[in-house]
> 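Structure in C-alpha cells, see below.
Hydrogens, waters and symmetry mates play no part in the numbers below; they use all other heavy atoms, side chains included.
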Amino acid sequence: MQGGDPMSSIIGAVLWMVILIAIFYFLLYRPQQQQRKKHQEFINSLKKGDKVITSGGIIGEIKGIDEKTVTLKVAEGTMIKVLKTAISAPFEEEKEQKEG
C-alpha cells in the first residue's frame, strides 16, 4: 500500500506545470515577442533612400512609403510595390577589401 498524501501529489503536479509554463515563456514566447517588437520598430523607422531586403529576397531602395506599402526601386526604371510587413531587414553592401 502507498502511504502518500493525495494533496501533496496534486501540489507537486501543479508545481511542475507552473515550472514548464515558465520555461516555455522564457525560452519561446518572450524572445519571439522581443523580436516582433524590434522588427516593428524597424518598419516604423523606414524612410526614403533606405536599402532593404524583402522576405522574398528582393533587394531594393525605398522610393516611396504609404501607410501599408513601400515602393522599391529594384533596377533602373523598375519599381515594385510591396507590403511593409514584407520588408525583413536593412541591406548593407559588403565592402570588398582588396589585398595587394
> Can you check whether Ile87's main-chain N or O pairs, donor with acceptor, with His39's side chain at less than 3.5 Å?
yes

> Applying side-chain contact (heavy atoms from CB on, under 4.5 Å), name anything that partners Ile23, two or more places apart in sequence or on another chain.
Ile19, Leu27

> Met7: what forms a side-chain contact (heavy atoms from CB on, under 4.5 Å) with it, not counting sequence neighbours?
Asp5, Ile11

> Transitive ILVMFWY cluster of Met17 at side-chain heavy atoms under 4.5 Å: who else is in it?
none

> Give the intermediate values and the outcome of side-chain contact (heavy atoms from CB on, under 4.5 Å) for residues Val52 and Leu46.
CA-CA 9 Å; Val52 294; Leu46 291 175; 3.9 Å; yes

> Report the C-alpha distance between Ile65 and Lys84 in whole Å, list the side-chain angles of each, state the deciding distance to 0.1 Å, and finish with yes or no for side-chain contact (heavy atoms from CB on, under 4.5 Å).
CA-CA 9 Å; Ile65 301 176; Lys84 276 187 175 180; 3.5 Å; yes

> How would you list all residue pairs meeting salt bridge (charged side-chain N to carboxylate O under 4.0 Å, His left out) that involve residues 22-45, not counting sequence neighbours?
none

> Determine which pairs satisfy side chain to side chain donor-acceptor pair (under 3.5 Å) with at least one residue from residues 45-58, sequence neighbours left out, and list them in order.
Lys47-Asp50, Lys51-Glu93

> Compile the donor-acceptor pairs under 3.5 Å between side chains in residues 67-83 and protein atoms, sequence neighbours left out, one pair per line.
unit_1: Thr69; atom_1: OG1; unit_2: Asp66; atom_2: OD2; d: 3.1
unit_1: Lys73; atom_1: NZ; unit_2: Glu76; atom_2: OE2; d: 3.1

> Can you sort out the partners of Gln33 under side chain to side chain donor-acceptor pair (under 3.5 Å), two or more places apart, ordered by chain and number?
none

> With clusters built from Ile, Leu, Val, Met, Phe, Trp and Tyr whose side-chain heavy atoms come within less than 4.5 Å, directly or transitively, what are the remaining members of the cluster of Ile53, listed by chain and number?
Ile59, Phe91

> Please enumerate all residues that pass ring pair (Phe, Tyr, Trp, His ring centres under 6.0 Å) together with Tyr29, with sequence neighbours excluded.
Tyr25

> Looking at Gln34, I'd like to know if its CD atom is crowded, meaning that more than 12 non-hydrogen atoms belonging to other residues, nucleotides or ligands lie closer than 6.0 Å.
yes

> Distance check, rounded to the nearest 0.5 Å: Leu15 atom CG versus Ile10 atom CD1?
13.5 Å

